[in-house]
Amino acid sequence: TDPGEKTAAQALKKAGGQVFIKDGSVSEIVFQQGGLDDTTAAHLAKMPNVEQLGIPGCTGVTDKSIPHMVAMKNLKMAMLMNTGISASGAKKLAAAHPNANIMHPASMNAMRKRQGGADSKTDNAQGGGRGGPPGGRPPGGGIPGQR
């Protein structure tokens with residue numbers, strides 16, 4: 001891969017991220033326990049082929065990192081829940097990547113509408129069955145001692 005991209009990937013791994021490579025380029029980055037902040041997020045700009053970015057719980061990532069995320073030209077999905085990114089920052093990222101699913105509290109309703117989904121009231125009204133698995137058996141198949 002590109003030497004700059006390789007160095008950036010190593011920095012993200014060192015910060016606790018999982019970096020996935022496809023066709024010789026970074027395609028997905030996931031932080032599951034925080035660890036990413038604005039300083040380290042600057043490396044994202046060196047990874048234009050990232051399609052998926054998951055940084056839930058990375059409270060040290062703020063709107064300062066949005067330009068670095070905008071530079072990821074192939075971004076298709078970004079999970080930004082519980083970060084320091086504001087509604088305004090999420091909207092800027094969504095505007096730069098109009099076909100991407102940007103998961104942020106400020107953009108969730110817009111994403112549902114774009115996907116043809118309904119609001120939560122309707123979703124709850126359409127909820128699945130009420131009493132466990134199909135066939136009316138209790139959970140665990142009805143065999144004594146199983147749960």
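Here, residue 1 is the first one in the sequence, and each next residue gets the next number. In what follows, every heavy atom counts, from backbone to side chain, and hydrogens, waters and symmetry copies are set aside.
Just one residue in the list Leu44, Thr40, Asp38 forms a side chain to side chain contact (heavy atoms under 4.5 Å, CB included) with His68, and that residue is Leu44.
Remark: Lys91 NZ to Ile66 CD1 distance equals 13.0 Å, nearest 0.5 Å. Rounded to the nearest 0.5 Å, atoms CG (Asn99) and NZ (Lys76) are 10.5 Å apart.
Residues Leu93 and His97 have side chains in contact (heavy-atom distance under 4.5 Å, counting atoms from C-beta outward). A heavy-atom distance below 4.5 Å is found between the side chains of Leu80 and Ile102. Contact annotation: the side chain of Glu5 approaches that of Val26 to within less than 4.5 Å [non-hydrogen atoms, C-beta and beyond]. Residues Val61 and Met69 form a side-chain contact, since some pair of their non-hydrogen atoms from C-beta on lies under 4.5 Å apart.
The minimum heavy-atom distance linking Lys73 with Val70 is given by the pair NZ-O, 3.9 Å. The two residues Gly35 and Cys58 come nearest to each other via the heavy atoms N-SG, 4.2 Å. When all heavy atoms of Ala78 and Leu75 are compared, the pair lying nearest together is CB-CD2, 4.1 Å.
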request  = Run the numbers on Leu36 and Leu12 for side chain to side chain contact (heavy atoms under 4.5 Å, CB included), then give the verdict.
outcome  = CA-CA 8 Å; Leu36 187 66; Leu12 293 175; 3.7 Å; yes
query = Which is it for Ile85 and His104 under the side chain to side chain contact (heavy atoms under 4.5 Å, CB included) test, yes or no, and what are the steps along the way?
reply = CA-CA 8 Å; Ile85 296 173; His104 182 275; 4.2 Å; yes
Identify every side-chain donor-acceptor pair in residues 45-55 under 3.5 Å, counting partners at least two apart or on other chains, and give the distances.
{"unit_1": "Asn49", "atom_1": "OD1", "unit_2": "Asn74", "atom_2": "ND2", "d": "2.9"}
{"unit_1": "Asn49", "atom_1": "ND2", "unit_2": "Ser25", "atom_2": "OG", "d": "2.9"}

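The backbone N or O of Pro3 sits less than 3.5 Å from a side-chain atom of Thr7, completing a donor-acceptor pair.
Connection of Met72 to Val30 is not established within any shared hydrophobic cluster, with ILVMFWY side chains joined at heavy-atom distances below 4.5 Å, either directly or through further cluster members.
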